[in-house]
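Position 1 is the first residue of the sequence; numbering continues from there.
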Amino acid sequence: MYQLQVENMSCGHCVGAVTKAVLAVDAAAKVEIDLAGKTVRIDSATLLAPLKSAIADAGYPVTSAA
């Protein structure tokens, strides 16, 4: 389980874009997004680096990860 702080998310489209980016890397991932807190929780067996890259490539910078 990863918890990421992701900037530039403000609407449902953002949620869809970030979710789609994660699922493109790991189709079995579970994604939970909190717009107010700008957090993305990802339950995935995939390494963190490609997930972060996919989110950033979609236009949403990852500012921290735990």
Over all heavy atoms of both residues, which pair between Leu47 and Pro50 is shortest? Give the atoms and the distance, please.
O-CD, 3.2 Å
With heavy-atom distances below 4.5 Å as the criterion, would you say the side chains of Ser44 and Val22 are in contact?
no
Are Asn8 and Pro61 side-chain neighbours, meaning at least one heavy-atom pair lies under 4.5 Å?
yes
Indicate yes or no: at least one non-hydrogen side-chain atom of Thr63 is less than 4.5 angstrom from one of Val6.
no
Could you give the distance from SG (Cys14) to CD (Glu7), rounded to the nearest 0.5 Å?
11.5 Å
Which atom of Leu48 lies closest to which atom of Ala65, heavy atoms considered
CD2-CB, 3.7 Å
Non-hydrogen side-chain atoms of Leu51 and Val62 separated by less than 4.5 Å
no
Between Thr19 and Val15 the two heavy atoms that sit nearest each other are OG1-O, 2.8 Å
Rounded to the nearest 0.5 Å, the CE atom of Met1 sits from the CD atom of Glu32 at a distance of 6.0 Å
Any chance you could measure Arg41, atom CZ, to Asp34, atom CG, to the nearest 0.5 Å?
10.5 Å
Under 4.5 Å between any side-chain heavy atoms of Thr39 and Leu4, yes or no?
no
Is the backbone N or O of Val40 less than 3.5 Å from a side-chain atom of Gln5, with the two atoms forming a donor-acceptor pair by type?
no
A side-chain contact here means heavy atoms from C-beta on lying under 4.5 Å apart; do Ile42 and Ile55 qualify?
yes
Looking only at heavy atoms, the pair that brings Ala58 and Ala21 closest together is CB-CB, 4.1 Å
Check whether any side-chain heavy atom of Val25 sits under 4.5 Å from a side-chain heavy atom of Leu23, and report yes or no.
no
